Amino acid sequence: MSLIDRFEKAALYLTGALIAVFVFSLIYARTRLNQEVSECVPFNKAYLEPGIHRIDSNTYQIYAVASMWRFEPSEIRIPRGSEVDIFLSSKDVVHGFNIARKNVNLMAVYGSINKTTIRFDEPGKYEVVCHEYCGIAHQNMHTIITVQP
Ligand code: CUA
């Protein structure tokens, strides 16, 4: 067996092991740590209409739409203790959606809807930034989620 074959075999084993670790981590986070894992939902044009929908006293759905170079709705206010489903899409290129101090890191992709659920127990302002380079004004693309006491 040549040296290259040995390296190739080692690389394949390492790749397989890493994939196993990633899949295990995902399942562990979802089942044992009860972490919400983001998901794709079937595309529907209704999600491109930005808005905040109140489902009940502490459940909200946010249809967040990214475009060059802003997020809509431009202002998000929710009460403390809210559980929020975020449905994220883009009107043009790929954008990012990262909520500071929260474990939320989504990609906004044209023609698809990414969803995650998050709970806001601490009042305050949560900055949302675009973390995917999306053009000349990428660095200005941010919004704020205000959690009211
Ligand atoms: Cu949008 Cu960077």
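Bear in mind that the values here come from a model prediction, so they are computed numbers and not experimental data. We use all heavy atoms of the structure for the numbers below, so side chains are in, but hydrogens, waters and symmetry mates are not. FYI, the numbering just counts along the sequence from 1. Both ligands and their constituent atoms are indexed starting at 1 by order of listing.
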- Pair listing, salt bridge (Lys or Arg N to Asp or Glu O under 4.0 Å) test, anchored in residues 82-98, at least two apart: Glu72-Lys91
- Message: For Tyr63 together with His53, are the ring centres under 6.0 Å from each other?
- Response: yes
- Query: Under 2.8 Å from atom 1 (Cu) of ligand 1, which protein N/O/S atoms are there?
  - Reply: His95 ND1, Cys130 SG, Cys134 SG, Met141 SD
- Over 12 foreign heavy atoms within 6.0 Å of CG, Leu18: yes
- Query: Is Arg32 atom CZ crowded by more than 12 heavy atoms from other residues, nucleotides or ligands, each under 6.0 Å away?
  - Reply: no
- Parallel, tilted or perpendicular, as decided by the 30° and 60° cut-offs, for the rings of Phe71 and Phe97: perpendicular
- Result for side-chain contact (heavy atoms from CB on, under 4.5 Å) between Ile99 and one of Val104, Asn105, Thr143 points to Val104
